[in-house]
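Worksheet: the structure to be examined is printed underneath.
All values reported here derive from a predicted model rather than from experimental measurement.
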Amino acid sequence: MTATAPETVPLDDALHQAAARNSTTKGETLTPNEFNHLVDLFNTGRHLELERLSRLLVQQYPDSGFAWKALGASQQAQGKDALPALEKATELLPDDPEAHSNLGAALKDLGQLDDAVASYRRALEINPDFAEAHHSLGIALKDQGELNGALTSYCRALTIKPEYVEAQSNRSFTLQDLGQLEGAVIGFRRILVINPDLDHVYFNLGNALKSAVRLNEAIVDYRRALKIKPDYAEAYSNLGVALQDLGRHEHAVMCYRQALEIRPDFAEVHSNLGNVLQDLGQLDEAMASYHLALEIRPDFAMAHNNLGNALKESGQLDDAVSSCLRALGYSPDYAEAHSNLGNALQALGQLDEAMARYRRALAIKPDLTEAHSNLGNALQVIGQQDAAAVICRRALQLNPAYINAHINLGNSLMDLGHLATAKASYRRALEIKPEFAEAHSNLGNAQKDLGQLADAKASYRRALAIKPEFTE
């Protein structure tokens, strides 16, 4: 009887050929009827009955390893403490790979990963072709952080049992954790060849594609998951994220609202809805969504950070600082919160404190584009234009489509007198976001300084048409 994470592997007829292993030589053995009854109860999932019968049999046959193994398997299946029974089973059946594998599962559940790994390895010494033990060993190794070892174990399980869906799924997750996204995508697709009706696999495939920035493909698979399972709140949520990343904000809002109809207490979706509403300029509605997220999860650092960003945009600078500090209270190494706190401090005129926050964000997360751009902006404000240009270019190396970095670079270049290059930066920002009033206005400034007065007037008019209150 095998009960390896994450599944229980049923007994088959081959085990009947191992009857000699089912007791020791010290006492009586189980009768064939008793043996078959235990097997039947296990394979039909009647675990409470199996436990009751096993308890009677271990009293009658205290040296029957199979009776102890049956008792342990029944307890494992019910979430009870199976360790004493399974240790007894391996003592009486030292050459039974299933007994060692089941003991490994019990040890893993108790967090004793080193001992669990040793038990799985003992099972595989006895039976190197035990696919379930390879799979379970992989899970334990992954829990230990040994991703490459886990991957090897999953691959071995699949070599033995090619249509082993759980092993293929865990192999794909591990490849994703290792950054091997194409391998993860291929693995999830192989599962769908075996069974095309698994909604959660379409969801996982969508996640892998989204991580690979193949957003349109991810959207297709999230929708396939939803076709199979229309009340799949997580799929609506991640579909919304993919649509938002593509700039399809209104569609993202609809997906988030659909997710919340299914799961009103889905804090992450309230926060994501706030983000897209903020992108749409609906700051009051965005802040209401963040507050709902925080009512559900008061320690939700991301929602505190997002609320801080919205408060800063609405001019509530002291409250913005407080929200970012709350985020950092729950998550001290939250790089984005340090960067957003820097923005609020900079808006309050506290430039030294702001730059310290930007640098703290970059110490935690050196590839955080926003922090590079924000630091560049602060350096530009204090007159360090060359340094500002260098760091803005670093931001654009990380993310060529980051609009604020193009604007900040253009501003530094303007101050350095590189007018034509500054103009090119503003135009690049407008290629990404044509309706960006600040970019049109700054472009007008560059054109004016270059003596291109007609073009400058056109740029200023365009800025005012987008944002009539714009005066910069």
- Message: Could you check whether any side-chain heavy atom of L280 comes within less than 4.5 Å of a side-chain heavy atom of V253, counting everything from C-beta outward?
- Response: yes

- Message: For D199, is there an ion pair with K227 - N to carboxylate O distance below 4.0 angstrom?
- Response: no

- Item | Candidate pair E182 and R214, rule salt bridge (Lys or Arg N to Asp or Glu O under 4.0 Å), full reasoning | CA-CA 11 Å; E182 185 57 32; R214 293 162 61 178; 2.7 Å; yes

- Can you find a heavy atom in the side chain of R359 that is under 4.5 Å from one in the side chain of M355? yes

- Message: With a 4.0 Å cut-off on N to O distance, would you call E336 and K365 a salt bridge?
- Response: yes

- Query: If you look at every heavy atom in L396 and Y402, which pair is closest and at what distance?
  - Reply: CD2-O, 3.7 Å

- Query: Going by an N to O cut-off under 4.0 Å, is there a salt bridge joining D333 and R360?
  - Reply: yes

- Message: Assess the residue pair R394 and Q397 against the criterion (side-chain contact (heavy atoms from CB on, under 4.5 Å)); give the C-alpha distance rounded to whole Å, side-chain angles, the decisive distance to 0.1 Å, and a yes or no.
- Response: CA-CA 5 Å; R394 174 59 182 150; Q397 287 175 347; 3.4 Å; yes

- State, to 0.1 Å, how close L83 and A106 come at their nearest heavy-atom pair, and which atoms those are. CD1-CB, 4.3 Å

- Keeping the roles fixed (side chain from H270, backbone from P264), state whether a donor-acceptor pair exists under 3.5 Å. yes

- Query: Counting N and O atoms only, with roles assigned by atom type, does the side chain of S271 sit under 3.5 Å from a partner on the main chain of A267, one being a donor and the other an acceptor?
  - Reply: no

- Query: Under a 4.0 Å N-O cut-off, is there an ion pair linking R122 with D95?
  - Reply: yes

- Message: Quick one, L107 and S119 - any side-chain contact, counting heavy atoms below 4.5 Å?
- Response: yes

- Decide yes or no on side-chain contact (heavy atoms from CB on, under 4.5 Å) for L56 and Q60, but give the supporting numbers first. CA-CA 6 Å; L56 292 173; Q60 185 175 356; over 6 Å; no

- Note, L243 side chain near C255 side chain (heavy atom, < 4.5 Å): yes

- Message: Looking at H249, I'd like to know if its NE2 atom is crowded, meaning that more than 12 non-hydrogen atoms belonging to other residues, nucleotides or ligands lie closer than 6.0 Å.
- Response: yes

- In sequence, state the C-alpha distance, the side-chain angles, and the governing distance for Y154 and Q168, and then conclude on side-chain contact (heavy atoms from CB on, under 4.5 Å). CA-CA 7 Å; Y154 298 141; Q168 187 66 262; over 6 Å; no

- Message: I'd like to know whether Y61 forms a side-chain hydrogen bond (donor to acceptor under 3.5 Å, both in side chains) with E34, so could you lay out the CA-CA distance, the side-chain angles of the two residues, the decisive distance to 0.1 Å, and finally the verdict.
- Response: CA-CA 11 Å; Y61 308 112; E34 288 166 338; 3.0 Å; yes

- Should R52 and E49 count as an ion pair when the cut-off is N to O under 4.0 Å? no

- For the pair S136 (side chain) and E132 (backbone), establish whether a donor and an acceptor sit closer than 3.5 Å, ignoring hydrogens and angles. yes

- Message: Using 30° and 60° as the class boundaries, would you call the ring planes of Y330 and H304 parallel, tilted or perpendicular?
- Response: parallel

- Task: Answer yes when K229 and D197 have at least one side-chain N-carboxylate O distance shorter than 4.0 Å, and no when they do not.
- Result: no

- Task: Using distance alone, with no hydrogens and no angle criterion, decide if Q346 and N377 have a side-chain donor and acceptor under 3.5 Å apart.
- Result: yes

- Near-ring test F35/F66, centroid separation under 6.0 angstrom: yes

- Can you check side-chain contact (heavy atoms from CB on, under 4.5 Å) on L151 and L175, steps first, answer last? CA-CA 8 Å; L151 188 61; L175 286 168; 3.8 Å; yes

- For residues A67 and L57, report the shortest heavy-atom separation together with the two atoms involved. CB-CB, 4.1 Å

- Task: Examine distances only and state if a side-chain atom of Y236 and a backbone atom of E261 form a donor-acceptor pair shorter than 3.5 Å.
- Result: no

- Query: Is the CE atom of M287 crowded by more than 12 outside heavy atoms at less than 6.0 Å?
  - Reply: yes

- Task: May I have the step-by-step check of side-chain hydrogen bond (donor to acceptor under 3.5 Å, both in side chains) for D114 and Q144, ending in yes or no?
- Result: CA-CA 8 Å; D114 290 342; Q144 288 184 317; 2.6 Å; yes

- Which heavy atom in K88 sits nearest to a heavy atom in P62, and how many Å separate them? CE-O, 4.2 Å

- Side-chain donor/acceptor of T159 to backbone N/O of C155, under 3.5 Å: yes

- Query: Charged N to carboxylate O under 4.0 angstrom, R121 versus E125?
  - Reply: no

- Message: I want to know whether Y232 and F203 have ring centres closer than 6.0 Å.
- Response: yes

- Item | Side-chain touch Y256/V241, heavy atoms, less than 4.5 angstrom | yes

- Examine distances only and state if a side-chain atom of H135 and a backbone atom of R156 form a donor-acceptor pair shorter than 3.5 Å. no

- Yes or no on salt bridge (Lys or Arg N to Asp or Glu O under 4.0 Å) for K69 and E87, after CA distance, side-chain angles and deciding distance? CA-CA 9 Å; K69 187 165 80 165; E87 287 178 331; over 6 Å; no

- Nearest-0.5 Å distance that lies between atom CG in L246 and atom CG in N216: 5.0 Å

- Query: Looking at A73 and L86, what are the two nearest heavy atoms and their distance?
  - Reply: N-CD2, 4.3 Å

- Do C392 and H372 have side-chain heavy atoms sitting under 4.5 Å apart? no

- Query: Between N170 and K142, is any pair of side-chain heavy atoms under 4.5 Å apart?
  - Reply: no

- Message: Would you compute the distance between atom NZ of K161 and atom OH of Y164 and round it to the nearest 0.5 angstrom?
- Response: 5.5 Å

- Message: Keeping D40 on the side-chain end and N36 on the backbone end, is there a donor-acceptor pair under 3.5 Å?
- Response: no

- Member of N305, N275, N306 meeting the side chain to side chain donor-acceptor pair (under 3.5 Å) criterion with Y290: N275

- Parallel, tilted or perpendicular, as decided by the 30° and 60° cut-offs, for the rings of F173 and F188: perpendicular

- Query: Which heavy-atom pair separates A293 from F300 by the least distance, and what is that distance?
  - Reply: CB-CD2, 4.2 Å

- Would the number of heavy atoms belonging to other residues, nucleotides or ligands and lying under 6.0 Å from CD of E163 be above 12? no

- Is there a donor-acceptor contact under 3.5 Å from the side chain of E313 to the main chain of N309? no

- Without swapping roles, check the side chain of Y120 against the backbone of H134 for a donor-acceptor pair under 3.5 Å. no

- Do L38 and S54 have side-chain heavy atoms sitting under 4.5 Å apart? yes

- Message: Tell me whether S373 contacts the main-chain N or O of T369 through its side chain, where contact means a donor paired with an acceptor under 3.5 Å.
- Response: no

